[in-house]
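First up is the structure itself, then whatever we jot down about it.
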Amino acid sequence: MSTPQTLHFIANEHLPSQSGRFFDNRSPVDGRLVSRVAEAGQPEVDAAVAAARAALHGPWGRLSVQQRVDLLYGVADEINRRFDDFLQAEVADTGKPHALARRLDIPRGAANFKVFADVVKNVPSEFFEMATPDGGQAINYALRVPKGVIAVIAPWNLPLLLMTWKVGPALACGNTVVVKPSEETPSTAALLGEVMAKVGVPAGVYNVVHGFGPDSAGEFLTRHPGIDAVTFTGETRTGAAIMKAVADRVRPVSFELGGKNPGIVFADCDFDAAVEGIARAAFENTGQVCLGTERVYVERPIFERFVAALKAKVESWKLGRPEDPGTVLGPLISAEHRQKVLGYYEQARAAGATVVTGGGVPEVPAELVGGAWIEPTIWTGLPDDHPVVREEIFGPCCHVRPFDDEAEVLRLANDTPYGLAATVWTRDLQRAHRLASRLEVGVCWINAWFLRDLRTAFGGSKLSGIGREGGVHSLEFYTELRNVCVRL
Ligand code: NAD
């Protein structure tokens, strides 16, 4: 059987590159070739931006809000109808367990269209009445107009979920998009093109170009003069490169970047819930979640017991093939990423950390040795300034450290250039609210982790991002407010 091809999606057509260039998309489970992916050059990016511009001023721009909303509901319904196709595509690219993709990635892919269709439909407009200098009257009202052609640059860890989290509101607000999915995970973005065409979204509204970042599709897109704004999720240093790329044209950016998030566990917590919550925060999706917890602080009286329980919990989680119903953890995304994570494992060992569990590469059956398998790992005993405690690793690992009081843990938690998320476990609600107001993060969970209501503001502070998306906050980025003043 010939290897499938993943093509660009431009003006509702699946197209190869003019250059004929392709790159390999390999499974992180066993290294097998999933597909050959067309690699965009400048001509494909030009064509995608031109198609998006034409649709903006053409059929898409002429639709009423209700017509757009109906189409986006259709997109969500079609994703759900093709749920298994999306599941297979996402799992082929990422190797994540079916159970996780079924619970999280694919449902959120559909929900991102419905939620933002509802937001846009229900948003009120501002209105002011004023007196004119000559004693007359005028009224002001605000129109929300689309920003234009939006470049969406997406990462590989939650490919469909994070890409649609931006495409949903962008389209709901009347923009058109050119998406550059991660080179590691091109498949669901391509599949979404089929959905768009099937439900009747006009050609050019949703476009996809594949390729890499620097000197490839990502950079061609962010530098393109036809782009009106860039929304990006990924590493902080990539965000810096994108900012430079758009600086000359002073285009707006929305950035969801890296993190080094603290988990804080007080002795008065619901112990079992805290162990479960921190285990998920540190290891779910094999630790490849921006909101994940790589720094865990546990109040001293329960420290030993907590570390033992966390170890027992993660050792009970099975690594395995995605389709196995017992699998909780899959591989990392790629051999390159595993090299990076193992580098931190080595640094921790060299610095004399106590390796509570894991610390290396697991033994796997022969058919999986080509995959990016790694052991979930817990350390204790590293100094606070060690790179393992300070830098984002993005793997299934955490360092656990005892603390003695609230002031100390607040200082430790905030001692980071990042500011994405925190999770706090305590039964003392006053303390919880106090910490929520003092932790320097965009998202603070109390006795919970990764509970998301899509109407709420989401984003990071410090090096973890610029701007907020979610609910009406997304409208701030995806629309321009135009004031209309009418003399009565
Ligand atoms: P990455 O920054 O390497 O790549 C993200 C995307 O940017 C990819 O599509 C890549 O091809 C593209 N890219 C790379 N260089 C570029 C350039 N110079 N110009 C334009 N595009 C470029 O990130 P990743 O490794 O795919 O994802 C993991 C990172 O994403 C982690 O740091 C994680 O914390 C972060 N992340 C953040 C959030 C959040 O909401 N804050 C969510 C998920 C992931």
Side-chain angles (χ1 to χ4, degrees), residues 23 25 28 37 39-40 45 93-94 104-105 108 112 151-166 178-186 188-189 208-224 227 230-247 251 253-261 284-294 332-334 336-341 372 391-395 416-421 441-443 450 452 454 456-470 474:
F23 60 93
N25 172 22
V37 187
E39 182 180 351
V45 175
D93 286 359
T94 61
L104 179 66
D105 300 73
R108 268 287 299 279
N112 283 332
V152 178
I153 313 272
W156 46 256
N157 61 325
L158 302 162
L160 180 71
L161 185 160
L162 288 172
M163 187 257 296
T164 54
W165 162 247
K166 288 163 178 307
V178 180
V179 175
K180 210 297 280 171
S182 169
E183 54 274 28
E184 306 283 0
T185 53
T188 45
V208 182
V209 288
H210 299 288
F212 301 86
D215 207 22
S216 181
E219 188 178 340
F220 300 153
L221 184 58
T222 51
R223 285 199 182 283
H224 202 287
I227 290 295
V230 180
T231 179
F232 166 72
T233 304
E235 280 193 37
T236 299
R237 65 165 176 232
T238 311
I242 291 174
M243 258 184 131
K244 287 184 193 133
V246 302
R251 293 301 77 216
V253 293
S254 174
F255 283 172
E256 292 168 4
L257 307 176
K260 188 72 181 177
N261 310 304
E284 194 162 88
N285 207 37
T286 314
Q288 304 165 118
V289 182
C290 56
L291 304 163
T293 294
E294 291 180 356
L332 289 173
I333 190 70
S334 65
E336 292 74 26
H337 188 50
R338 182 170 70 167
Q339 257 336 93
K340 179 190 150 191
V341 176
E391 296 171 13
E392 182 185 49
I393 302 172
F394 223 54
T416 169
Y418 292 107
L420 187 53
V441 292
V443 185
F450 209 165
R452 290 277 295 117
L454 302 186
T456 62
F458 180 83
S461 50
K462 296 156 83 176
L463 286 191
S464 292
I466 296 180
R468 294 290 179 273
E469 296 195 31
S474 292

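First listed ligand is number 1; within each ligand, the first listed atom is number 1. Just so you know, these numbers come straight off a predicted model, no measurement behind them.
- Checked by atom type and distance alone, the side chain of Ser216 never pairs as donor or acceptor with a backbone atom of Gly213 at under 3.5 Å.
- In summary, the atoms of ligand 1 found under 4.0 Å from a heavy atom of Leu162, numbered by their order in the structure, are 42 (C), 43 (C).
- Atom 35 (C) of ligand 1 has its closest protein heavy atom at Gly234 O, 3.3 Å.
- When the options Ala241, Gly218, Ala245, Gly239 are ranked by their closest heavy atom to atom 21 (N) of ligand 1, first place goes to Gly218.
- Protein heavy atom at the shortest distance from atom 12 (C) of ligand 1 is Ile153 CG2, 3.6 Å.
- Taking a 4.0 Å cut-off on heavy atoms, Pro181 registers as neighbouring ligand 1.
- Using a 4.5 Å heavy-atom threshold, the side chains of Phe255 and Thr233 count as separate.
- Nearest to atom 2 (O) of ligand 1 among the protein's heavy atoms is Thr238 OG1, 2.7 Å.
- Residues passing the side chain to side chain donor-acceptor pair (under 3.5 Å) test with His337, sequence neighbours excluded: none.
- Residue Leu257 has at least one N or O atom closer than 3.5 Å to an N or O atom of ligand 1.
- More than 12 heavy atoms of other residues, nucleotides or ligands lie within 6.0 Å of NZ in Lys340, so this atom counts as buried by the packing criterion.
- Each of the atoms 2 (O), 5 (C), 6 (C), 7 (O) of ligand 1 lies under 4.0 Å from some heavy atom of Phe232.
- Listed by atom number, the atoms of ligand 1 under 4.0 Å from Thr233 heavy atoms are 5 (C), 36 (N), 37 (C), 38 (C), 39 (C), 42 (C), 43 (C), 44 (C).
- Nearest protein heavy-atom contact of atom 27 (O) of ligand 1 is Pro155 CB, 3.4 Å.
- Between the side chains of Glu469 and Thr231, at least one donor N or O lies within less than 3.5 Å of an accepting N or O.
- Not a single heavy atom of Gly460 sits under 4.0 Å from any atom of ligand 1.
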Before you tell me yes or no, could you show the steps for Phe450 and Leu104 under side chain to side chain contact (heavy atoms under 4.5 Å, CB included), namely the whole-Å CA-CA distance, both residues' side-chain angles and the distance that decides it to 0.1 Å?
CA-CA 11 Å; Phe450 209 165; Leu104 179 66; 4.2 Å; yes

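- Residue contact annotation: Phe255 has no non-hydrogen atom under 4.0 Å from ligand 1.
- What you find for Ser464 and Gly259 is that their closest heavy atoms are OG-CA, 3.9 Å.
- Of the protein's non-hydrogen atoms, Trp156 NE1, 2.8 Å is the one closest to atom 25 (O) of ligand 1.
- Of the protein's heavy atoms, Cys290 CB, 3.5 Å lies nearest to atom 36 (N) of ligand 1.
- Side chain to side chain, Asn157 and Asn285 fail the donor-acceptor criterion of an N or O pair below 3.5 Å.
- Counting atoms of ligand 1 from 1 in the listed order, those under 4.0 Å from a heavy atom of Asn157 are 43 (C), 44 (C).
- The protein atom (non-hydrogen) at minimum distance from atom 9 (O) of ligand 1 is Ala154 O, 2.7 Å.
- Proximity of Val209 to Val178: side-chain heavy atoms (C-beta onward) are separated by under 4.5 Å at one or more points.
- Of all non-hydrogen atoms in Leu221 and Ile227, the two that sit nearest each other are O-CG1, 3.3 Å.
- Regarding atom 34 (O) of ligand 1, its nearest protein heavy-atom neighbour is Glu392 OE2, 2.5 Å.
- Backbone and side-chain nitrogen or oxygen atoms of Thr236 are examined, and none is located within less than 3.5 angstrom of a nitrogen or oxygen of ligand 1.
- Using a 4.5 Å heavy-atom threshold, the side chains of Val441 and Asn261 count as separate.
- Contacts of Lys180 with ligand 1, taken as heavy-atom pairs under 4.0 Å, involve both backbone and side chain.
- Of the heavy atoms in Leu420, only side-chain atoms (C-beta onward) come closer than 4.0 Å to ligand 1.
- Near Phe458, with a cut-off below 4.0 Å to any heavy atom, the atoms of ligand 1 are 40 (O).
- Under a 4.0 Å criterion applied to the non-hydrogen atoms of Phe394, ligand 1 contributes the atoms 28 (C), 31 (C), 33 (C), 34 (O).
- The residue Val289 has no part lying near ligand 1, judged by heavy-atom distances below 4.0 Å.
- Partners of Thr286 by side chain to side chain donor-acceptor pair (under 3.5 Å), not counting sequence neighbours: none found.
- In this structure, Trp156 and Phe394 have perpendicular ring planes: the angle between them is above 60°, well past the 30° mark.
- By the 4.5 Å heavy-atom criterion applied to side chains, Asn112 and Leu454 are counted as neighbours.
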